[in-house]
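Encoded as structure tokens, the structure appears first; notes follow it.
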Amino acid sequence: QVQLVESGGSLVQPGGSLRLSCAASGSIASINVMGWYRQAPGKQRELVASIVNGGSTYYADSVKGRFTISRDNAKNTVYLQMNSLKSEDTAVYLCYAVNQGVAWGQGTQVTVSS
């Protein structure tokens, strides 16, 4: 079993930055992929970014050039650095990890508004 705890969500003005963190515990040695989805009201859950053990990354077109995903293996933590935030980035951001199954965090709210 893998447990995930997110942090870092907040209210931020358009153009601002935030860094989300996702700390993993439990059966972390078997994790192959970690990443972030987001869920906005009335919209489908969207894969935002992911990172695999070898370091390869994926980004949704909507965040390319603005968001950066990284992983600190020593701290068992994945980060999502979000720059140049837009109102359309407002959502609950959920961390996930893939080993034999998929584990989810509880989510952290990001609100981009003036």
Side-chain angles (χ1 to χ4, degrees):
Q1 295 284 355
V2 174
Q3 294 80 42
L4 303 172
V5 178
E6 302 107 327
S7 61
S10 181
L11 170 65
V12 63
Q13 291 187 341
S17 297
L18 279 177
R19 189 177 80 157
L20 305 182
S21 300
C22 174
S25 61
S27 302
I28 57 176
S30 59
I31 294 175
N32 300 309
V33 184
M34 293 187 72
W36 296 87
Y37 274 79
R38 66 186 179 187
Q39 179 81 62
K43 294 186 178 181
Q44 284 190 323
R45 186 173 290 189
E46 175 188 22
L47 176 60
V48 176
S50 62
I51 185 166
V52 300
N53 281 350
S56 295
T57 57
Y58 162 85
Y59 296 96
D61 287 343
S62 57
V63 307
K64 280 181 182 176
R66 300 189 297 122
F67 291 10
T68 303
I69 190 169
S70 61
R71 183 171 176 175
D72 185 334
N73 290 326
K75 296 182 178 180
N76 301 318
T77 299
V78 168
Y79 303 98
L80 186 67
Q81 177 67 43
M82 305 186 295
N83 299 328
S84 302
L85 283 161
K86 306 175 181 179
S87 58
E88 51 262 45
D89 295 317
T90 295
V92 174
Y93 284 70
L94 300 122
C95 177
Y96 75 99
V98 180
N99 50 5
Q100 291 89 350
V102 182
W104 293 94
Q106 80 285 356
T108 185
Q109 177 69 47
V110 172
T111 302
V112 184
S113 176
S114 55

Checklist entry - Who passes side chain to side chain donor-acceptor pair (under 3.5 Å) against Gln109, sequence neighbours left out? => result Thr111

Checklist entry - In Å, rounded to the nearest 0.5 Å, how long is the span from CD of Glu6 to CG of Leu80? => result 11.0 Å

Item to check | Step-by-step side-chain hydrogen bond (donor to acceptor under 3.5 Å, both in side chains) determination, Ser62 to Glu88 | outcome: CA-CA 10 Å; Ser62 57; Glu88 51 262 45; over 6 Å; no

Checklist entry - Ignoring hydrogens and geometry, is there a side-chain-to-backbone donor-acceptor pair from Ser27 to Gln1 under 3.5 Å? => result yes

Checklist outcome for this item: With sequence neighbours left out, the residues meeting side chain to side chain donor-acceptor pair (under 3.5 Å) with Ser30 are Asn99

Checklist outcome for this item: Only one of Thr77, Asn53, Thr57 passes side chain to side chain donor-acceptor pair (under 3.5 Å) with Arg71, and that residue is Asn53

Next on the checklist: If you compare all heavy atoms of Ser113 against all heavy atoms of Pro14, which two are closest, and at what distance to 0.1 Å?
Outcome noted: C-CD, 3.6 Å

Checklist entry - In Å and rounded to the nearest 0.5 Å, what is the CZ to OG distance from Arg19 to Ser10? => result 14.5 Å

Checklist entry - Does one hydrophobic cluster hold both Trp104 and Val98, with members joined at side-chain heavy-atom distances below 4.5 Å? => result yes

Checklist entry - How far does OH of Tyr58 sit from CG of Leu47, to the nearest 0.5 angstrom? => result 5.0 Å

Checklist entry - Do Lys64 and Asp61 sit within salt-bridge range, that is, some charged N less than 4.0 Å from a carboxylate O? => result yes

Next on the checklist: Do Leu18 and Leu4 sit in one hydrophobic cluster, given that two such residues count as connected whenever their side-chain heavy atoms are within less than 4.5 Å of each other, even indirectly?
Outcome noted: yes

Next on the checklist: Are Val12 and Val63 linked, directly or through intermediate hydrophobic residues, by side-chain heavy-atom contacts shorter than 4.5 Å (ILVMFWY only)?
Outcome noted: yes

Next on the checklist: Working to the nearest 0.5 angstrom, can you tell me the gap between Ile28 CD1 and Asn76 CG?
Outcome noted: 3.0 Å

Checklist entry - Do other residues, nucleotides or ligands put more than 12 heavy atoms under 6.0 Å from the CD atom of Gln44? => result no

Next on the checklist: Pair Ser50, Tyr96 - check side chain to side chain contact (heavy atoms under 4.5 Å, CB included), show working.
Outcome noted: CA-CA 9 Å; Ser50 62; Tyr96 75 99; 3.3 Å; yes

Checklist entry - Roughly how far, to the nearest 0.5 Å, is CZ of Arg38 from OG1 of Thr108? => result 14.0 Å

Checklist entry - Does Tyr59 have its ring centroid less than 6.0 Å away from the ring centroid of Phe67? => result no

Item to check | Sequence-distant partners of Asn83, side chain to side chain donor-acceptor pair (under 3.5 Å), two or more places apart | outcome: Ser17, Gln81

Checklist entry - Does Val33 belong to the same Ile/Leu/Val/Met/Phe/Trp/Tyr cluster as Leu94, with side-chain heavy atoms less than 4.5 Å apart forming each link? => result yes

Checklist entry - Roughly how far, to the nearest 0.5 Å, is CG of Leu85 from CZ of Arg66? => result 6.5 Å

Next on the checklist: Working note: Val110 + Met82, criterion side chain to side chain contact (heavy atoms under 4.5 Å, CB included); need CA distance, chi angles, decisive distance, verdict.
Outcome noted: CA-CA 10 Å; Val110 172; Met82 305 186 295; 3.9 Å; yes

Item to check | For Ser21 against Trp36, the heavy-atom pair lying closest together | outcome: O-CH2, 3.5 Å

Next on the checklist: Starting from Tyr37, can I reach Ile69 by hopping between I/L/V/M/F/W/Y residues whose side chains sit under 4.5 Å apart?
Outcome noted: no

